[in-house]
Chemist: 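I'd like to ask some things about the structure below.
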Number of protein chains: 4
Amino acid sequence: MPRAVRERMMMDAAVRTFGRRGYRAASMDDIAEVAGVSKPLVYLYLNSKEELFIACIRREAAALLEAVTAGVQPGVSADLQLRSGLGAFFAHTTEHPDGWSVLHRQARTHGEPFAREAAKVRDELVAFVTQLIGAAAREADTGRGAGPGGGAPADRELAGLAQALVGAAESLAGWAIETPGVSAKEAAATLMNFSWMGLGRLMDGERWPATARR
Amino acid sequence: MPRAVRERMMMDAAVRTFGRRGYRAASMDDIAEVAGVSKPLVYLYLNSKEELFIACIRREAAALLEAVTAGVQPGVSADLQLRSGLGAFFAHTTEHPDGWSVLHRQARTHGEPFAREAAKVRDELVAFVTQLIGAAAREADTGRGAGPGGGAPADRELAGLAQALVGAAESLAGWAIETPGVSAKEAAATLMNFSWMGLGRLMDGERWPATARR
Amino acid sequence: MPRAVRERMMMDAAVRTFGRRGYRAASMDDIAEVAGVSKPLVYLYLNSKEELFIACIRREAAALLEAVTAGVQPGVSADLQLRSGLGAFFAHTTEHPDGWSVLHRQARTHGEPFAREAAKVRDELVAFVTQLIGAAAREADTGRGAGPGGGAPADRELAGLAQALVGAAESLAGWAIETPGVSAKEAAATLMNFSWMGLGRLMDGERWPATARR
Amino acid sequence: MPRAVRERMMMDAAVRTFGRRGYRAASMDDIAEVAGVSKPLVYLYLNSKEELFIACIRREAAALLEAVTAGVQPGVSADLQLRSGLGAFFAHTTEHPDGWSVLHRQARTHGEPFAREAAKVRDELVAFVTQLIGAAAREADTGRGAGPGGGAPADRELAGLAQALVGAAESLAGWAIETPGVSAKEAAATLMNFSWMGLGRLMDGERWPATARR
DNA sequence: GATGAATGAGGGTTCATTCAT
DNA sequence: AATGAATGAACCCTCATTCAT
């Protein structure tokens, strides 16, 4: 069996085992057994538990990022871009719960080197959202003229908003995975309503997409 | 030295060690040393590493819940109640980062028994939020009559919204802890804007509290 | 059983096992078993295989050095001092063959850190011999006046001579240990004859102590 | 590439690796890599690590023995024969430090089978020296008549003297290898002075070759 | 009430060795 | 003739846990 194939089997086994049992609780014996190979082979190909874990994190990070990137509809309004990105995000996390666990939970709980790696993806997602709502805000701002009160959110505020949105998405990803019957689509719809309309307007019965101010 | 006091010192040491090093990486030796007692004493009082961890989770859960409960202003409008609860939440997590790490990260990453315990608190917070916005929605609904489109969110939708809000709060808690210069107050304000106004209205320069429809 | 006693038992077991099987071939399990304790206890007291080995080297080095130092008769002529030192040296090595193996063979064959440690003792012995024959040479030199040819050995030559003498002693130590019936005393006598008289004079039937030039 | 050539490359690599890293620390992977061939080929040609090591020892032993044998000037007096043999010995060890390490250090530190093999060469060298000084002694003895005191050394004493001389040579070989600036020639001269003249006469300023009693 | 002393069990890692091709 | 692929066995080390005092 060629090396590349075996290597992927091992990483699959590792992601699955790390994701379910946790980084420390997963033994290299476990992983080798799940992969259907001997332990020395895992070491031959992937060097050490740490490197294997890092490799898993990177692979899952790349996969998630690519899924989201591929899902975002380019050239449309900010809310539509967000909506499409969220759809891809929830579709991916729902379909790869172990990978999501590695990325979102395990990598962030077992020490700096791993956390740093996981932070990279998250930071990219946060940056994407920040840029998205930043652009939308500036656009709205110019179309409005300097009115009283508020104005476009400052950079610092944007950062916080993006953190909030990403956190909400992470939470809903777990909700969709754990709650039977909740689809990726529903999660995306829920989050669009929540984030774009806000509870205030939701109370009034409005839903996204609104009768469209834009 | 009375037992109760010794016990609290041990739990303090445990929360600190678990929170910083992680459940698996923290050894009973470490904890005993940080607590300033001998290891057998830890076992005498707290039986096993698992029980000790569970005890930590429960204690921190109770503390957080009490802080939030005490912080919520009773008898005011939903948004004000939320605002006061968030303020208390961020104040507590910011002041007890190790406890928050135990609760939010460690407990949820190291297997079922612990995750279940941590899920309890989270579920309570989610339930609180659900009930809050549910009440607000019903109230708004009756004052409006059956108009076209939408209406009050269904229970299932409320659950999702609450998940989103709690996730956003968790994310901002981490943001406030890790980012120097971000205060609990700022986190709360950011989240109020995000959740109550929604990005849509924020883009238009509005901020919470709005010129107030209510 | 008090810690100090256990610790000595472990080091005895370690010296014996390292000395007979070699550093790498001796497993910590072996050593623990020979010592009659569990493996973790060995680690508790002595930290690691490397540290244990270093500790063995140091202990055996100190023992050998003390034996020789205690054996050298002070204040007598150089040849008598050498003879007494050699007696003590061979007596010690013959009685502690495992310690001698650790010091002379194992420590010098398994990497820099250990070799450096072993080199210390050897260097001290070489220095002792160098100083001994150096003093004797200077003494003989002054009593002679500048005659033709030769003169007292230069420093560089002294160093080589000391190396040769110590090497001869090491060789005879192994010879005495391995050859049944060869006593420490005989080894010492042989080496005195060889080193002090030289083969040239031995051929002529002379033996040490000579009819005494000094 | 013919088998014989490949085989020599492997043994060169093995001697180098064993000599520098030590028998246990040298892995078959290392050796194969240094040799520039695949590991199974090493096994195909040399069967096992043990056999490979034995083969190395034998080869280096033969090389050393041949160098010394070729170096000894035949038909001259004993001291001149010794001197020529020592010259060859130091020249060879100085030029082949890895082989010397294998022979003198590694082979003797890693268990019986190897030590036995190394003992063979050493015994041959010892035997050569024994026979050399034995012949010289008998010769001197007959030319002297039974005088008082001593007489020619007994066989047992000769054995010890040879051990001492060989040990001194081994020590000086290491000294010459490790000390920059010390040549094989100097080592040989030092040892001739030490062994043939003895410290006693050296102290008096004499050097070898003496003004010659013979 | 408190601890010094001790261990069973298991995890990460390496290595000599062998097939199938 | 030569090798890429694979593994059984062992080794160093750590840790949760328990006695005897």
Side-chain angles (χ1 to χ4, degrees), chain A residues 1-7 10 23-32 35-53, chain B residues 1-3 6-7 23-32 36-53, chain C residues 1-7 10 23-32 35-53, chain D residues 1-3 6-7 23-32 36-53:
Chain A
M1 190 175 292
R3 172 167 180 152
V5 156
R6 272 268 202 272
E7 203 163 317
M10 289 181 199
Y23 174 61
R24 300 281 306 233
S27 79
M28 292 298 268
D29 274 296
D30 292 340
I31 293 170
V37 299
S38 72
K39 197 168 34 161
L41 199 58
V42 181
Y43 277 90
L44 191 61
Y45 285 6
L46 292 138
N47 301 323
S48 76
K49 198 185 184 184
E50 289 205 6
E51 274 191 43
L52 170 55
F53 192 40
Chain B
M1 189 176 295
R3 167 162 181 159
R6 266 284 205 324
E7 209 166 310
Y23 173 62
R24 298 283 306 229
S27 79
M28 293 297 268
D29 274 291
D30 292 338
I31 294 169
V37 299
S38 75
K39 204 169 24 164
L41 199 57
V42 180
Y43 277 88
L44 191 62
Y45 285 5
L46 290 138
N47 303 318
S48 77
K49 196 185 186 185
E50 291 205 3
E51 276 190 42
L52 169 56
F53 191 40
Chain C
M1 191 173 296
R3 172 168 179 152
V5 157
R6 271 268 200 275
E7 205 163 315
M10 289 180 199
Y23 174 62
R24 299 280 307 236
S27 80
M28 291 299 266
D29 274 295
D30 291 340
I31 294 170
V37 299
S38 71
K39 198 172 30 164
L41 200 58
V42 180
Y43 278 91
L44 191 61
Y45 285 6
L46 291 139
N47 301 322
S48 75
K49 197 184 185 185
E50 290 205 5
E51 274 191 43
L52 171 55
F53 192 40
Chain D
M1 190 177 295
R3 169 163 181 155
R6 265 285 201 331
E7 207 165 312
Y23 173 62
R24 297 284 306 230
S27 78
M28 292 298 269
D29 275 291
D30 293 338
I31 294 169
V37 298
S38 76
K39 202 167 30 163
L41 200 57
V42 180
Y43 277 89
L44 190 63
Y45 284 5
L46 292 138
N47 302 319
S48 77
K49 197 184 185 185
E50 292 205 3
E51 277 190 41
L52 170 55
F53 191 39

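As a basis for the values below, the full set of heavy atoms in this structure was taken, side chains included, without hydrogen atoms, waters or symmetry mates. Here is the naming used below: chain letters follow the sequence lines, and residue numbers restart at 1 for every chain.
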Chemist: Just N and O in the side chain of A/Y45: are any of them under 4.0 Å from OP1 or OP2 of F/dA6?
Modeler: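 Checking A/Y45 against F/dA6: at least one side-chain N or O falls below 4.0 Å of OP1 or OP2.
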Chemist: Calculate the interatomic distance between C/L41 atom CG and E/dG8 atom P; express it in whole Å.
Modeler: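 Between P of E/dG8 and CG of C/L41: 11 Å.
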Chemist: Evaluate side chain to side chain contact (heavy atoms under 4.5 Å, CB included) for D/D29 paired with D/K39, printing each intermediate quantity in order.
Modeler: CA-CA 6 Å; D/D29 275 291; D/K39 202 167 30 163; 3.2 Å; yes
Chemist: Enumerate, in order of first residue number, the stems that involve DNA chain E, defined as 3 or more consecutive Watson-Crick or G-U wobble pairs with both distances under 3.5 Å.
Modeler: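 Listed by first number, the stems are E:2-21 with F:2-21.
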Chemist: So, does B/R6 get its side chain near the phosphate of E/dA2, meaning an N or O under 4.0 Å from OP1 or OP2?
Modeler: yes
Chemist: At their closest point, which heavy atom of C/S38 faces which heavy atom of C/A32, and how far apart are they?
Modeler: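 Taking C/S38 first and C/A32 second, the nearest heavy atoms are C-CB, 3.9 Å.
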Chemist: Do B/K49 side-chain atoms and B/S27 backbone N/O form a donor-acceptor pair below 3.5 Å?
Modeler: no
Chemist: What's the CD-P distance between C/E7 and E/dA5, to the nearest Å?
Modeler: 11 Å
Chemist: Find the distance A/L52:CG to E/dT13:C1' and express it as a whole number of Å.
Modeler: 14 Å
Chemist: First locate atom CD of A/E7, then atom CE of A/M10, and finally report the distance between them rounded to the nearest 0.5 Å.
Modeler: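 Result: 7.5 Å between the selected atoms.
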Chemist: Could you give the side-chain donor-acceptor pairs of residues 41-48 of chain A under 3.5 Å, partners two or more places apart or in another chain?
Modeler:
unit_1, atom_1, unit_2, atom_2, d
A/N47, ND2, A/E51, OE1, 2.8
A/S48, OG, A/E50, N, 3.4
A/S48, OG, A/E51, N, 3.1

Chemist: Can you check the B/L44 CG to E/dA2 C1' distance for me, whole Å?
Modeler: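 So the CG-C1' distance, B/L44 to E/dA2, works out to 8 Å.
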Chemist: Classify every nucleotide of nucleotides 10-17 of chain F by which part a protein heavy atom approaches to under 4.0 Å, writing B for the base, S for the sugar-phosphate alone and - for neither, in 5'-to-3' order.
Modeler: -SBBBBSB
Chemist: Report the distance from atom CG of C/L46 to atom P of E/dA6, rounded to the nearest whole Å.
Modeler: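 Checked: the CG to P distance equals 13 Å.
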